[in-house]
Asker: 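Next up is a structure, given as structure tokens.
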Amino acid sequence: MNANQLINMVVRMFLKKALSRGVDAGIDRVTKRSGARGNSPKQTKAQAQQAKRAIRMARRAGRL
């Protein structure tokens, strides 16, 4: 394995983690904003969890 491959591997790992954190933060922000409109906290949390599951499934489908 040469240096270029190692660097690419490390960069991909960091980008994957950063993208995941960004997506989670965006979902959390959207659900907090919708909570101010009168949605119950339990309903909002359930919607956030469902959205995260959908995103994970989409990522897996993209890998295939």
Side-chain angles (χ1 to χ4, degrees):
M1 193 176 257
N2 62 20
N4 189 31
Q5 288 174 326
L6 287 172
I7 292 169
N8 283 337
M9 184 175 64
V10 172
V11 169
R12 271 193 224 112
M13 286 172 35
F14 283 117
L15 284 175
K16 192 177 198 179
K17 286 185 181 190
L19 182 63
S20 177
R21 284 185 182 179
V23 167
D24 289 343
I27 290 172
D28 290 342
R29 178 173 270 179
V30 168
T31 56
K32 284 180 185 176
R33 193 177 313 153
S34 67
R37 295 183 193 150
N39 291 345
S40 70
K42 288 183 181 179
Q43 182 183 13
T44 305
K45 186 174 181 179
Q47 287 174 344
Q49 289 174 346
Q50 184 179 5
K52 286 179 184 179
R53 282 195 299 265
I55 289 170
R56 282 191 211 121
M57 287 173 50
R59 285 184 194 154
R60 287 184 198 144
R63 288 187 213 148
L64 297 177

Asker: I'd like to know whether CD of Q49 has more than 12 heavy-atom contacts from other residues, nucleotides or ligands below 6.0 angstrom.
Answerer: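 It does: Q49 CD has more than 12 such atoms within range.
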
Asker: Suppose we screen for salt bridge (charged side-chain N to carboxylate O under 4.0 Å, His left out). Which residues come up paired with K16, at least two apart in sequence or across chains?
Answerer: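 By the salt bridge (charged side-chain N to carboxylate O under 4.0 Å, His left out) rule, K16 matches no residue at all.
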
Asker: Identify the two heavy atoms, one from R59 and one from L19, that lie closest to each other, and give their separation to 0.1 Å.
Answerer: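 In terms of heavy atoms, the two residues are closest at NH2-O, 4.4 Å.
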
Asker: Running the 4.5 Å side-chain criterion over Ile, Leu, Val, Met, Phe, Trp and Tyr, what cluster does I7 land in, apart from itself?
Answerer: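 In the cluster with I7 are V11, L15.
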
Asker: Under the salt bridge (Lys or Arg N to Asp or Glu O under 4.0 Å) definition, can you give me all pairs with a residue in residues 47-56, not counting sequence neighbours?
Answerer: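 Matches after skipping sequence neighbours: D28-K52.
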
